[in-house]
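Here the structure comes first, spelled out in structure tokens, and everything after it is commentary.
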Amino acid sequence: MEKSNFFKDRVMPVGVILLALLVIWYVAVIFLNVPFERDTAARAGTAITFSEILPKTMFQQRPVLPAPHQVIAEIWNTTVLMPITSKRSLVYHAWITLSATLLGFGIGTVLGILLAVGIVHNRAMDRSLMPWVIASQTIPILAIAPMIIVVLNAVGISGLLPKALISTYLSFFPIVVGMVKGLRSPEQIQLDLMHTYYASPSQTFWKLRWPSSMPYLFTSLKVAIAISLVGAIVGELPTGAVSGLGARLLAGSYYGQTVQIWSALFMAAALAATLVIIVGFAHTAVLKRMGTRA
């Protein structure tokens, strides 16, 4: 009965949506790639029917919109059939981006937690710093990323750290907001109970506020690690990098390799989903360890 409900409530809805998206994608492939085939036939002075055009739209070398099977074939060729040390391997490019993502995520997590603790325990920081934290996210990352790269290069800092700092810039914000909410989540009656125990501020923090903030922290971490990946990819664009998913996207746009662009996009999406799932497993394990149902 439970398996039947799982299939009906979880698997079937997702499968129907994926199938619908696949059908829409194939229809879009036909309509977007047909003009090129008609222009090619017109230049050659030959008449071509729709039944002849249809299969050609699915296998163009540089399609306006690649077909799903073309993207899958490209991912297979650049992951399974390509050595991971090759600079044409998507696994190699994904690792370059992942390293900046994880470093930026780590820095952003520590920074976000420290800022949240300061905001919760210091009224001056709450009134002065919190508005600046919110205002910092109103600046488009595409605008600020080149400035960060140029300034850091000017002082001799290049390579992994500039990209990681862009990921940090994006990832610390949800952690600050989530942790502030989490650290303030204990009810007044619980705080009063800690006062009756004559608990010190540090004891109140570690025994009440910190455990209460865990659900908020891990929810924020799921958002933060996904946008850390976005930050790492964006950080690769203005640097002229030759490695990383951002560099792969940039090279594909230069040479009109839309299949390469779409395969890199799907690789980035799969990487982000994997990272979020890992954080979700950590969330479940921590709450289970605390004796709380996830």
Side-chain angles (χ1 to χ4, degrees), residues 2 5-6 9-10 98-139 161 164-232 272-294:
E2 291 181 359
N5 290 335
F6 177 80
D9 298 336
R10 299 290 184 88
L98 179 62
S99 59
T101 300
L102 295 178
L103 178 58
F105 174 70
I107 298 173
T109 300
V110 174
L111 178 62
I113 292 175
L114 292 177
L115 289 176
V117 172
I119 289 170
V120 169
H121 288 86
N122 189 295
R123 183 169 296 182
M125 287 187 66
D126 184 19
R127 294 184 176 182
S128 61
L129 186 59
M130 193 61 178
W132 283 105
V133 170
I134 297 172
S136 69
Q137 301 303 304
T138 62
I139 305 173
L161 187 58
L165 289 180
I166 295 172
S167 294
T168 299
Y169 175 80
L170 290 177
S171 64
F172 88 99
F173 175 73
I175 295 174
V176 171
V177 174
M179 282 300 290
V180 168
K181 181 70 174 177
L183 292 173
R184 288 174 173 169
S185 62
E187 298 178 1
Q188 187 60 45
I189 191 173
Q190 295 172 317
L191 296 172
D192 292 340
L193 181 61
M194 295 300 292
H195 285 305
T196 62
Y197 293 157
Y198 200 65
S200 64
S202 62
Q203 288 175 324
T204 301
F205 177 81
W206 290 112
K207 296 183 182 298
L208 178 60
R209 291 189 184 274
W210 182 256
S212 299
S213 68
M214 286 298 99
Y216 298 86
L217 173 61
F218 280 99
T219 300
S220 301
L221 290 178
K222 291 177 184 179
V223 178
I225 199 165
I227 59 177
S228 290
L229 179 64
V230 174
T274 302
L275 293 173
V276 171
I277 290 172
I278 292 173
V279 174
F281 284 144
H283 183 194
T284 303
V286 168
L287 293 187
K288 185 178 180 180
R289 177 68 176 173
M290 293 170 61
T292 305
R293 181 176 297 177

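The basis for the numbers below is simple: all heavy atoms, side chains too, and nothing from hydrogens, waters or symmetry mates.
Looking at His283, its side chain never comes within 3.5 Å of a backbone N or O of Val279 through a donor-acceptor pair. With Ser228 contributing its side chain and Ser171 its backbone, the two residues share no donor-acceptor pair below 3.5 Å.
Residue pairs that meet the salt bridge (charged side-chain N to carboxylate O under 4.0 Å, His left out) test with at least one member in residues 207-226, sequence neighbours left out, do not exist here.
Taking every heavy atom of both residues into account, Leu170 and Ile227 meet most closely at O-CD1, 3.0 Å. The two residues Gly231 and Ser167 have their closest heavy-atom pair at C-OG, 3.6 Å. When all heavy atoms of Gly182 and Ser213 are compared, the pair lying nearest together is C-CB, 3.6 Å. The minimum heavy-atom distance between Thr101 and Ala232, with the atom names listed, is OG1-CB, 3.4 Å.
Contact check for Pro201 versus His121: no side-chain heavy atoms found under the 4.5 Å cut-off. In this structure, Val276 and Val223 have side chains that are not in contact, with every pair of non-hydrogen atoms separated by 4.5 Å or more.
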| message | Let's go through Lys181 and Thr219 carefully: what are the C-alpha distance in whole Å and the side-chain angles of both, what is the deciding distance for side chain to side chain contact (heavy atoms under 4.5 Å, CB included) to 0.1 Å, and is it a yes or a no? | response | CA-CA 11 Å; Lys181 181 70 174 177; Thr219 300; over 6 Å; no
| request: Assess whether side chain to side chain contact (heavy atoms under 4.5 Å, CB included) is satisfied between Leu221 and Ile225, documenting all intermediate values. | output: CA-CA 6 Å; Leu221 290 178; Ile225 199 165; over 6 Å; no
May I have the list of side-chain donor-acceptor pairs in residues 129-138 shorter than 3.5 Å, sequence neighbours left out?
residue: Ser136; atom: OG; partner: Val133; partner atom: O; Å: 2.6
residue: Gln137; atom: NE2; partner: Tyr169; partner atom: O; Å: 3.3
residue: Thr138; atom: OG1; partner: Ala135; partner atom: O; Å: 2.5

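A distance of 10.0 Å separates CG of Leu183 from CD1 of Ile119, quoted to the nearest 0.5 Å. Here CG of Leu115 is found 10.5 Å from CD1 of Ile175. Values are rounded to the nearest 0.5 Å. A distance of 11.0 Å separates CZ of Arg127 from CG of Asn122, quoted to the nearest 0.5 Å. To the nearest 0.5 Å, atoms CD1 (Ile278) and OG1 (Thr274) are separated by 6.5 Å. Residue Thr204 holds its OG1 atom at 10.0 Å from CG of Leu193, rounded to the nearest 0.5 Å. The distance from the CZ atom of Phe105 to the CG atom of Leu229 is 12.0 Å, given to the nearest 0.5 Å.
The ring pair (Phe, Tyr, Trp, His ring centres under 6.0 Å) test applied to Phe173 returns no partner, not counting sequence neighbours. In this structure Ser212 satisfies the side-chain contact (heavy atoms from CB on, under 4.5 Å) test together with Ser185, Pro186, Leu208, sequence neighbours excluded. Every side-chain contact (heavy atoms from CB on, under 4.5 Å) that Ala164 has, sequence neighbours left out, goes to Leu103. Partners of Gln188 by side-chain hydrogen bond (donor to acceptor under 3.5 Å, both in side chains), not counting sequence neighbours, listed by chain and number: Asp192.
Taking the six-membered ring for Trp and thresholds of 30 and 60 degrees, Trp210 and Phe205 have ring planes inclined between 30 and 60 degrees apart.
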